[in-house]
Every structure is written in C-alpha cells, then in structure tokens.
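Scroll down for the structure; my scribbles are underneath it.
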Protein chains: 2
Amino acid sequence: METIRQPDLTRQRILEASFKEIHRHGFQAASIANILADTGLTKGALYHHFPSKKALGLAVVDEMVGVRLNERNIRPLHAAAHPAHTLIELLGDKQHQDEEYIRLGCPLNNLMQEMSPVDEAFRIRLTHILERWQLAFEEALRRSQMAGEVRKEVNCHAAALFIVSAWEGCTGIAKNMQSVDVYRACMSQLQSYVASLLQN
Amino acid sequence: METIRQPDLTRQRILEASFKEIHRHGFQAASIANILADTGLTKGALYHHFPSKKALGLAVVDEMVGVRLNERNIRPLHAAAHPAHTLIELLGDKQHQDEEYIRLGCPLNNLMQEMSPVDEAFRIRLTHILERWQLAFEEALRRSQMAGEVRKEVNCHAAALFIVSAWEGCTGIAKNMQSVDVYRACMSQLQSYVASLLQN
DNA sequence: GACACAACATACCAATCGGTATGTAATCGC
DNA sequence: GCGATTACATACCGATTGGTATGTTGTGTC
C-alpha cells in the first residue's frame, strides 16, 4: 500500500477547500471537519501544514482572496490603454454576475464584515488587499485624467474609495436580495457615476 | 425573599442584550451564555420568552434592527418639506458617525452579509426591512421630483437602490478601515452623487 | 540500505454550544 | 384564601468545536 505524497499540492487542496467553506459559512462558522471531509484528508495533515484555524484563515485571505482579486479586478486595469473606460467595463463584467458568486457574495467583503471588529490580524490583511484595490482604481482614474479623459477637478483618491465601497455595497445588497437583476441595476448606476467623472 | 416580576421588561432586556451581542459577534457567533451574563438572567428566563436562538435572532431583527432603522433613517424623510435635501443631510448625519457604530458596522448590513446565504427566514425579514428603506428613499426622490427639485429623467427606483447599496458599502468599508474619516469621505462622495440628481 | 525527517493518519481531549427537564416562587382569577 | 398558571432558576444533556499526542509510512540523504 504505497500512497504518493505531494505536500505542496495537498496544501493547495486544503486552501481551496477552506476557501469554499469560508465563502459559504464565514470564517468563524467554517468547520475544520467539513474542510477535511471535502479534501478527504485528516487532522494530522491539516495541522501539519497550518498551526491553527486562524493561521489557515489568514493564509486563505492572502493566497486565495488576495490573489483572486488581483487577477480579476486589478490586473485588467494595468494594461489598459483607456483605464477609465476599462474600469467601467469591469463594473459590468459578466464574470461577477455568476449566480453562486452573487448568492454567496464577495469573499473579501464577507470576511471584512465578519472579521474586522473581531480580529485585528484579519482586519489588517484585509485592509491591505482593499487598499491595493482602491489604489488600482485611483491610478486608473489618474492615468485617464492625465490623458484628458477624466475631468481634471475630480478627486481620484476619493472617487476610487467610493467606487470600491459602492461596488461592495452593490454585491452585498444583491446577495441579500439573491437577484442578478438587482446586481445589474445597482452596478449600472455605479457605471453612470463613473461615467459622470469623464470629460463632456 | 420576594422578587418583583415584569415579564415585558425582562423580555425587552433580553432583546437589548441580544442586539448588543449580535452586533458585536454576529448571530451565529453570538453566545446565549454571554447574553444571560449581561442581563443577569438564566436559561429558564430566556427560553420562556423565546423558543430558540433563531426565534430570538428573528425577534431582534424585527423589534430592534427594523425599529431603529425606521426611527433613524426613514421617519425623518416622511415629514420633510424638501425630501431630497433632507436625504442629503441624512447622509451626513452625525448620528451615524459614532465611533463604536463605525467599528461594529450597520446592524442591518452585518446580518444581511452573514445570514442571507445561510438562513432563508433571516434573509426574507432582512429583505423586507431593506425594501422599506429603499422605498422611503424612492418616495423622497419622487416627491422632490414632482416638486421640480429632482431632474425628471432620473429613475427614482434605481437611484434609491443605489443609494442604499452605496450607503451600506461605505459603512462596510469604514468599518474595516476603522476610520471615521474614511466614512465621511465616502459618504461625501455619495452626497455629491445625490446632489447630481438635483435640478441645475 | 539505513537513518532522519517530513507527511500524513488515528484516537482522544477539554471546552463550549444550544437545548431541555425539572423545580420553585410570584401572580392572577375566583 | 386557594388552585392554576406564569415567570423564572438550577442542573443536566448530547453534539460539535478546535486542538493535541501518538503512531505509521513515504522519501530524500549519505
């Protein structure tokens, strides 16, 4: 009975199962037992790779939540020729209109709302992710501003903060109403807000 | 040893302690033991007034969260002579800038984010509260629209949805950043959005 | 090939959870 | 005043929680 061992891969499997479990139930209600049942592993494996449930949660924040947000919502802006327009397109992206994603909500927002008042370590890491996101929007607006596409009296920093906030607000409301239509209607209003920052 | 009994009052005390506990830790992580310790009562008392933790939570939603929102964010709009302007003032209300309120977040939003995907009974009641709120904004905008204060091409329904969403988004982000300044900056942007709906 | 260590599995633990069964005292109806 | 019922208090319960101690097996190293 020889069983192959791939520690890096099992670690990743634990992270993915934990991400799913946390996305469904939140961190505090996330059950180690469920994660183990999902992966088919046992406690020995999990506590070999992660010293505690909290450490596992923080790893999920950094290596899953943060990375996914980078790939989906930040990277597209970096290569954009007309960042502000790419931003508006991003707000209407079909990627975010997935049924289950709307039902379960934005993983970043979920964790922020749950953990921020409860655990400082979580809060700080989540804030860092949030700030990277906000900064990406700010730079996108500023680049478009220098290109004359965004009105020059616009406060890009404050606008970026508001866009991130409103985005999370829309996903949160749509999550409660369990409606893709609500999500679209809400994000459409946000799009027109961003459009109001443009020239003409 | 005669102890006076005021069942209505003890029920209210349980509700208030539960509201505090839930506001701090969320519903699922809220501890019955903590609530009892806070009130000085015992399990016998609590389970006499409420059949289960879930029923207690739903009562908190209806009798505490819903009522508070009515008094603070809806009633002020009913008597307003210029509803849209009252709405803008409401967004800058000092009442919502209380330190602890920002640290712990909006009770309605907290519960929506936590409970919507997990429990349908919670979701429905929270949605009702949310819809009443949205409707109050919609009617405020519409009244101002008929008075010629809000531009007539504005979609009041969609705008109200967005205002509620963005508001909750702002409180959520400020809660994570634990900053009254962030809250103010964010709500200020929302104010200017609403202002952009006005005539001229 | 033997030794060392990493990568797991198994079994167990105390603490906490929501909930219940039972007991007791205050209050209300007559 | 007396029985019935309401309003609690006390003690207990099974289930689940995150965590640990110990065992076993694969794997790289010399």
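When reading the values below, keep in mind they use all heavy atoms of this one structure, side chains included, and skip hydrogens, waters and symmetry mates. All chains are named by letter (A, B, ...) in the order of the sequence lines, taking the proteins before the strands, and each is independently numbered beginning at 1.
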query = Using a cut-off of less than 4.0 Å, is there contact between a side-chain N or O of A:H48 and OP1 or OP2 of C:dA7?
reply = yes
ask   = Whole Å only: how far is the CD1 atom of A:I22 from the P atom of D:dG18?
value = 11 Å
task = State whether the side chain of A:E114 and the backbone N or O of B:E114 hold a donor-acceptor pair below 3.5 Å, judged by distance alone.
result = no
remark   = Atom CD1 of A:I14 and atom C1' of C:dA7 are separated, to the nearest Å, by 11 Å
message = Does a side-chain N or O of A:S31 approach OP1 or OP2 of D:dT17 to a distance below 4.0 Å, or not?
response = yes
message = What is the distance, to the nearest angstrom, from the NE2 atom on B:H25 to the P atom on C:dC17?
response = 10 Å
request  = Choose from D:dA9, C:dA9, D:dT27 the nucleotide whose nearest atom is closest to any side-chain atom of A:R5.
outcome  = D:dT27
query = C:dA11 C1' sits how many Å from A:I32 CD1, rounded?
reply = 18 Å
ask   = Which nucleotide, C:dA9, C:dT20, D:dG19, lies nearest any side-chain atom of B:Y47?
value = C:dT20
task = Using a cut-off of strictly less than 4.0 Å, decide whether A:H49 has a side-chain nitrogen or oxygen near OP1 or OP2 of C:dC8.
result = yes
message = Under a 4.0 Å threshold between the charged nitrogen and the carboxylate oxygen, would B:E21 count as salt-bridged to B:R24?
response = no
request  = Could you tell me whether B:F162 and A:Y193 have their ring centroids closer than 6.0 angstrom?
outcome  = no
key: Proximity to the side chain of A:A33 - top-ranked nucleotide from D:dT10, D:dT17, C:dC17   = D:dT17
request  = Report the distance from atom CD of A:Q28 to atom P of D:dT16, rounded to the nearest whole Å.
outcome  = 20 Å
task = Using atom CD1 of B:I35 as one end and atom C1' of C:dG18 as the other, report the distance to the nearest whole Å.
result = 11 Å
B:K43 NZ to C:dG18 P, straight-line distance once rounded to whole Å = 7 Å
ask   = For B:F27, is the NZ or CZ atom of B:K53 found under 6.0 angstrom from the centre of its six-membered ring and inside 45 degrees of the ring axis?
value = yes
request  = Report yes if a side-chain nitrogen or oxygen of B:T10 is closer than 4.0 Å to either non-bridging phosphate oxygen (OP1 or OP2) of D:dC8; otherwise report no.
outcome  = yes
ask   = Checking all strands, does A:A30 fall into the base, sugar-phosphate, or nothing category for heavy-atom contacts under 4.0 angstrom?
value = sugar-phosphate
A:H82 and A:H85 aromatic ring geometry - parallel, tilted or perpendicular at 30°/60° bounds = perpendicular
task = Decide yes or no, distance alone: a donor-acceptor N/O pair under 3.5 angstrom between the base of C:dG19 and the side-chain of B:K53.
result = no
task = Specify the separation, in whole Å, of atom CG of B:D8 and atom C1' of C:dT27.
result = 14 Å
